[in-house]
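Protein chains get the first letters and strands the later ones, always in sequence-line order, with residue 1 at the start of each.
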Number of protein chains: 2
Amino acid sequence: MKPTGSNLDAVRRHNLGRILDLVHREGSLSRSALTRETGLNRSTIAALVAELVSRGLVVEGVPATEGVVGRPSPVVSPSEGTVVLAINPEYDAITVAAVTLGGRVIERVRRGFRTGPSVQRAVTESAALVSELRGRLPSDVRIAGIGVAVPALVRAEDGMVRLAPRLGWVDAPLAELLADVTGLPVLVDNDASLGARAEYHFGAGRGIDDLIYLNGGASGIGGGLILGGRPIRGAGGYAGEFGHTFSTEGGIPLERAVTRDALVDAVAPGADIDDAELERLLRATPHPITATHAEILGRSLGGMINIVNPSRIVLGGFLGIIAACEPELLAARVARYALVPPGEEAEIVRAELGADLLLIGAAEPVIDRLIADPGRMPVRLPGARPAELQR
Amino acid sequence: MKPTGSNLDAVRRHNLGRILDLVHREGSLSRSALTRETGLNRSTIAALVAELVSRGLVVEGVPATEGVVGRPSPVVSPSEGTVVLAINPEYDAITVAAVTLGGRVIERVRRGFRTGPSVQRAVTESAALVSELRGRLPSDVRIAGIGVAVPALVRAEDGMVRLAPRLGWVDAPLAELLADVTGLPVLVDNDASLGARAEYHFGAGRGIDDLIYLNGGASGIGGGLILGGRPIRGAGGYAGEFGHTFSTEGGIPLERAVTRDALVDAVAPGADIDDAELERLLRATPHPITATHAEILGRSLGGMINIVNPSRIVLGGFLGIIAACEPELLAARVARYALVPPGEEAEIVRAELGADLLLIGAAEPVIDRLIADPGRMPVRLPGARPAELQR
DNA sequence: GCTAATTGTTGTTTACGCCACCAAAAGATA
DNA sequence: TATCTTTTGGTGGCGTAAACAACAATTAGC
């Protein structure tokens, strides 16, 4: 049973969180813009921002002289004094990054592997990378928590990795293990779901409250769903796992009918190339495989559209390449299999965020917790005076 | 741009609404239960309940002597002094009902037609039925608003009926028209979506935050989606319109492959029978059509499960009959086409709510508005003293 | 009939956002 | 250049909603 009543503390929390949310999403806003957006009183905003500054979450900067009448309003921006550590374990590497409010990656370390790491090794390596990263950050930077994006089916409530086929993990209590070695709060979720959130907040899905995100990677197709402006997980965190959706009557999963390997084999058999190179080759020497893939993909998209009625579909990874190479064919195929009313509303676009996508996404749940209760971060000691407004 | 800041008024609104929500869902709670559920102070609950009483939304009754130690706590129940008028226009009839908080239908009038009414006629008839119904209610009963469930694609924001194939309506501003003739606020939505909400709150979907509702009627199959405890509409209100989903490779819509008419023709060709009779006949003289239908339905359900990962699927109307007649076959078919992880979590059950389903559902959005701001209802005049606690 | 437990009732306290007022800072105007 | 207008920051007091504490009421159990 959750606490559902509201009291004065809740008001404060909510308003602090609202401001933090706005700063997170917009990057920078003037104090007067905050009063407009929230409808709160000027004096209230001043007090709230002051508290967020004292908690090291935002900084106030010199007003942008925008050539507008009236007294200039200080600009409120995310502070770099507080970061979220984002971890992304993959088959061949682990990446750890420091992400600020506003979704900016300010530092990053990576360590590669020959083979997929065991859970234990992944935890140990992650901890080492975290230490290394913290060493690179100024000593007074505070860590709000750790967010992890795993290519796995995850029970987000307690960070249990239930099944990670590519990594070979089963029922690994990843959040608990990482929390034990780092002493920090850890939130774990599926990588594609987190990617969807990143594109929703900062990428090709900005402001689109009903969207499907699909990402094509070397090890398969993952996806995430945002409906009504909220990430949708489904009962077991499986919603949006479109890669496993059956692509055709017979019933092979989409991610086995449409693969990156097939594209690579078509233009550079056996080569180890990245997405940019793959796209360059496919554009330079067109190959019928893009059309085949576009047809299968378009049909699957049509089926999804009929069920969830998104206003946009964001394609990342090699799916973005397919969409870029065969836009008309893909659209035609979608139009054929989607119903008219939802189909014509669904716009298909390519993902915008690049390599940092999963790191930014991994930080999101931690930032959500921060937004839910900014009081979580302690006020800075009185010794370290809040930075004066300088010019 | 919405007001997003919170202040003292918002706290009061939220808490009043929270209590109203609990009373609406539970039907009756003691004041002490309210303190437990909300986490608010006893004295606060007392004040809030008093305000809701003065606004005619709830009543306090004599404590149930439950054989528990301590001073008995008064029971808070929905008041019958405030109702929502629910309207359900169909092809062959219009029904209007008075629904109280708690989803109880206390009065109902219905008028049949030979042919589907035009928009204008539906509005006129509805207004007449509303007048008739109001005449049957005590004169001091207050109307919170009108909720309408239409078998149509609806833009809920402004109550525009965009397309009602069966009724032959296109772009009819139904909410506006009804508001004009009745002088009451009107909220319109798709009937199946509202049915889903009714089953979620009061029927087979109680407490299930991720569910698919599918209803089979004479004119087709409609559906609604609840994900993360929220009704999902999609970008254009088309989410959950599973009837139009393609059922097989070739691509005829589910609602044309699985029809009530086919079932009726199998056991009583050309007869005009209701669902109860249809079920009785199908059980008395089994017919292979139930198996065929169960197979097609099961496969479609499998596809839906893979995408939204519900923990329950609620089947109403003749789909409930199919589920009841062929439970093993349906389950087997679902298991075959759904992926294992989401498939084994999805329980298939039959709808519980009967004839009042759509009326209860139609009232929901109006009640939501009430919950969002109970201050909407004015306090009763000082002349009519709030009812004393009687025993 | 007494005690323990629970809850209603009442008056006081606390904290948050609002408001009114004044000062500051910029563009607009003369 | 000086002044006016507009917009915003800063400050102290105010209203209000929930929390709190103390007391009264009511029941079960012994």
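- Qualifying side chain to side chain contact (heavy atoms under 4.5 Å, CB included) partners for Pro365(B), counting only residues two or more places apart in sequence or in other chains: Leu187(B), Leu194(B), Arg197(B).
- Rounded to whole angstrom, the span from the CG atom of Leu48(A) across to the C1' atom of dC16(C) amounts to 9 Å.
- In this structure, the nucleotide among dC19(C), dG27(C), dG8(C) sitting nearest to the side chain of Pro74(B) is dG8(C).
- Across the protein-nucleic acid pair, Asn7(B) atom CG and dA18(D) atom P stand 12 Å apart, rounded to whole Å.
- Scored by the salt bridge (charged side-chain N to carboxylate O under 4.0 Å, His left out) test, Asp189(A) finds Arg233(A) as partners (sequence neighbours excluded).
- As a whole-Å value, the separation of Arg18(B) CZ from dA18(D) C1' is 17 Å.
- At whole-Å resolution of the value, CD1 in Ile45(B) and C1' in dT9(C) are 15 Å apart.
- Within the structure, salt bridge (charged side-chain N to carboxylate O under 4.0 Å, His left out) contacts touching residues 19-34 of chain A (residues at least two apart or in different chains) are Arg18(A)-Asp21(A), Asp21(A)-Arg25(A), Arg31(A)-Glu60(A).
- When rounded to the nearest whole Å, the span between CZ of Arg12(A) and P of dA18(D) equals 18 Å.
- A salt bridge between Arg12(B) and Glu51(B) is present, with a side-chain N of the basic residue lying under 4.0 Å from a carboxylate O of the acidic one.
- Minimum atom distance to the side chain of Ser32(B) is reached by dT7(C), of the listed dA19(D), dT7(C), dT16(D).
- In this structure, CZ of Arg13(A) is placed 13 Å from C1' of dC16(C), rounded to the nearest angstrom.
- For the salt bridge (charged side-chain N to carboxylate O under 4.0 Å, His left out) test, no residue two or more places apart in sequence or in another chain qualifies with Arg13(B).
- Per the geometry, CG belonging to Asn41(B) stands 11 Å off C1' belonging to dT7(C), to the nearest Å.
- In this entry the distance linking CG of Leu16(B) with P of dT16(D) reads 16 Å, nearest Å.
- Comparing dC16(C), dC19(C), dT8(D) by their closest approach to the side chain of Ser43(A) singles out dC19(C).
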Return all side-chain donor-acceptor pairs below 3.5 angstrom for residues 76-85 of chain B, not counting sequence neighbours, or 'none' if the list is empty.
from, atom 1, to, atom 2, distance (Å)
Ser77(B), OG, Ser28(B), OG, 3.0
Ser79(B), OG, Gly56(B), O, 3.4
Ser79(B), OG, Gly81(B), N, 2.7
Glu80(B), OE2, Arg104(B), NH2, 2.1
Thr82(B), OG1, Gly56(B), O, 2.6

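- Here the nucleotide nearest the side chain of Arg31(B), chosen from dT9(C), dC18(C), dG15(D), is dT9(C).
- Looking only at distances, no side-chain donor or acceptor of Thr44(A) sits under 3.5 Å from a matching main-chain atom of Leu40(A).
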All N/O contacts under 3.5 Å from nucleotides 23-25 of chain D to the protein, with atom names and distances to one decimal?
from, atom 1, to, atom 2, distance (Å)
dA25(D), O4', Arg71(B), NH1, 3.3

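- Here the nucleotide nearest the side chain of Val69(A), chosen from dT6(D), dT7(C), dA18(D), is dT6(D).
- DNA chain C is contacted by both Val68(B) and Asn15(A); Val68(B) maps to the nucleotide lying nearer its 5′ end (nearest heavy atom per residue).
- Comparing Thr44(A) and Ala46(B) by the nucleotide of DNA chain C that holds the closest heavy atom to each, the one mapping nearer the 5' end is Ala46(B).
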